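Notes to accompany the following structure.
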Amino acid sequence: MGPISVPKPEYKRVSRVHRRFPRQYLKVQQRVRCVLGCASVGKVRIAAVKKVSRELVARYPDKFSKNYEENKVALAVLVDARTKRLRNRIVGYVTRLKIVEAKRAAAPGEIGPEGPDDQA
């Protein structure tokens, strides 16, 4: 009897191209950030959160403030949110709307819709 031949194990090779993909993705992200002026991109919110939040701020403008914790208590009385996560998202967006509203109110006099020349 002759020697027993054992098949040599074959190892899969991972090419350098496959390793390079994550780096290319990061480079694309860096380019996008530079195009945007390195500005932070806003959060994505579902339409239901935005709709409910805007309606609440329109109906009860005096019940909400720029404080998240106070808004959470006020919202618990007004809305029966299905989940804690949904409630927190609504409260967060309401708070954000009130902060933006306060910044707009504090902004120096803006030009009206008729323009600067039409004012007398």
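Along the sequence shown, residues carry numbers from 1. The model shown is predicted, which means the values in this text are computed figures rather than measured ones.
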* Side-chain heavy atoms under 4.5 angstrom apart, residues restricted to Ile, Leu, Val, Met, Phe, Trp, Tyr: same cluster for Ile46 and Val79? -> yes
* **Atom NZ of Lys66: over 12 foreign heavy atoms under 6.0 Å** => no
* Asked: Can you name the closest pair of heavy atoms from Lys98 and Phe64 and give their distance?
  -> CE-O, 3.4 Å
* To do: Examine Val73 and Val91 and state if one hydrophobic cluster contains both, with Ile, Leu, Val, Met, Phe, Trp and Tyr joined whenever side-chain heavy atoms are less than 4.5 Å apart.
  => no
* So how far is it from Thr95 OG1 to Leu75 CG, rounded to the nearest 0.5 Å? -> 9.5 Å
* For residues Glu69 and Asn67, report the shortest heavy-atom separation together with the two atoms involved. => N-OD1, 3.2 Å
* To do: Please confirm whether the backbone N or O of Gly92 pairs with a side-chain atom of Asn71, one donor and one acceptor, at under 3.5 Å?
  => no
* To do: Spell out, yes or no, whether Tyr60 and Val49 are grouped together once hydrophobic residues are joined by side-chain heavy atoms under 4.5 Å, including indirect joins.
  => yes
* Could you give me the CA-CA distance, side-chain angles and deciding distance for Arg59 and Leu78, then say whether side-chain contact (heavy atoms from CB on, under 4.5 Å) is met? => CA-CA 11 Å; Arg59 282 189 185 181; Leu78 297 173; over 6 Å; no
* Might you work through the side-chain contact (heavy atoms from CB on, under 4.5 Å) test for Val57 and Arg54, ending with a clear yes or no? => CA-CA 5 Å; Val57 170; Arg54 288 178 184 148; 5.9 Å; no
* In one Ile/Leu/Val/Met/Phe/Trp/Tyr side-chain cluster, 4.5 Å: Ile90, Ile99 -> no
